[in-house]
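Naming: A, B, ... by sequence-line order, numbering from 1 per chain.
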2 protein chains.
Amino acid sequence: MNYSKQRSLILSILSSSEGHLTADEVYNKAREVNERISLGTVYRNLNALSEVGEIRRINIPGANTIFDKNAHKHLHFRCIKCGKIQDLSGESIDKIVDNFEQKTGNKVYSNDIVLNGLCKNCKTGENCVKA
Amino acid sequence: MNYSKQRSLILSILSSSEGHLTADEVYNKAREVNERISLGTVYRNLNALSEVGEIRRINIPGANTIFDKNAHKHLHFRCIKCGKIQDLSGESIDKIVDNFEQKTGNKVYSNDIVLNGLCKNCKTGENCVKA
DNA sequence: CCCAAAATAATAATGATTACTGATTTATCA
DNA sequence: TGATAAATCAGTAATCATTATTATTTTGGG
């Protein structure tokens, strides 16, 4: 795969971010550098990069799809109040998957897992930016 | 909540189904009984019923949202070839959730979990209807 | 340097879902 | 039972994220 200026910019924006961005967030950050970049380019490259495994595309039920610089983490937590996404590092559902495969004969290739709840800040009432 | 004819019909369609239906599938089945029912009514009632916990609304990444008559099952498997959805009954990720809550101080209320892979039939090459 | 393949910007199209509107049904209670 | 307010409806328009299209530009290998 070629790495055009736009593709490199998009990857670097995601890499230097705290973690998870929506396509629109990437688009807005990209326009600060290249004001002519188009939203279609952002989508095309985010999808291309996730297809080759450089980043991960994560569907968040009830919210916009996010793109994650870490291609290998799989479990996420979403605060229902502030919307922030956190990773569950180190956790794995291998045992559940193994058990399911043995019982059913199905083969599992990937998983989409999102836990929903209140983050520490929103729980205690501290101010938590973002809708 | 009131149970209008339309709402009851929608609930009974889901209850008598094998398990998971999209809004459009519910709409088509509903029109067989009441040819004047509108798609908006189907959406409104599916959402209303899932909000009070009578059914469950499940986001399937890369596919249409489905509505599940079983309000309490949480884990699902989706075949990437035929698109069929299966339940993972009896499985639970309580341990992972407990661990995450203790480590982070967050509170988890619900989870959305979809495993993706090949079902037994598609794996062995048997004919598997549906896209 | 040239040329085919890949990538781009800009815009149109798509498709699921929600919002709106005015009409109809249902619940409540005097 | 009859009136009145609240809930729900059908039909349609609007929204919003995402993808497709197209004509143009960039790029890397020979």
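In this structure, a donor-acceptor pair under 3.5 Å is absent between the side chains of A:N70 and A:R56. Residues B:R78 and B:N116 bring no donor and acceptor atom of their side chains to less than 3.5 Å of each other. Counted by atom type alone, B:Q86 and A:N106 present one or more donor-acceptor pairs between their side chains at under 3.5 Å. A donor-acceptor contact closer than 3.5 angstrom is absent between the side chains of A:S15 and A:S12.
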Starting at the 5' end of nucleotides 10-18 of chain D, put B wherever the base has a protein heavy atom under 4.0 Å, S where only the sugar-phosphate does, and a dash everywhere else. BB-----SB
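Between the P atom of D:dC9 and the CG atom of B:L46 lies a distance of 11 Å, rounded to the nearest Å. Following rounding to the nearest Å, B:K5 (NZ) and C:dA27 (P) show an atom-to-atom distance of 11 Å. Atom pair B:Y27:OH and C:dA16:P shows a separation of 13 Å (rounding to whole Å applied). To the nearest angstrom, P of C:dT18 lies 10 Å from CD of B:E51. Here the C1' atom of nucleotide C:dT25 and the CG atom of B:N45 are 14 Å apart, to the nearest Å. Atom CZ of A:R7 is separated from atom P of C:dA5 by 17 Å (rounded to the nearest Å). To the nearest angstrom, P of C:dA16 lies 18 Å from CD1 of B:I58. Summarising the geometry, the separation between CZ on A:R31 and C1' on C:dT8 is reported as 16 Å, rounded to the nearest angstrom.
Each ring pair (Phe, Tyr, Trp, His ring centres under 6.0 Å) pair with one or both residues in residues 28-66 of chain A, not counting sequence neighbours, would appear here, but there are none.
Side-chain N/O atoms of B:S4 include none lying less than 4.0 angstrom from OP1 or OP2 on C:dT26.
Within a 6.0 Å radius of NZ in A:K5, no more than 12 heavy atoms belonging to other residues, nucleotides or ligands are found.
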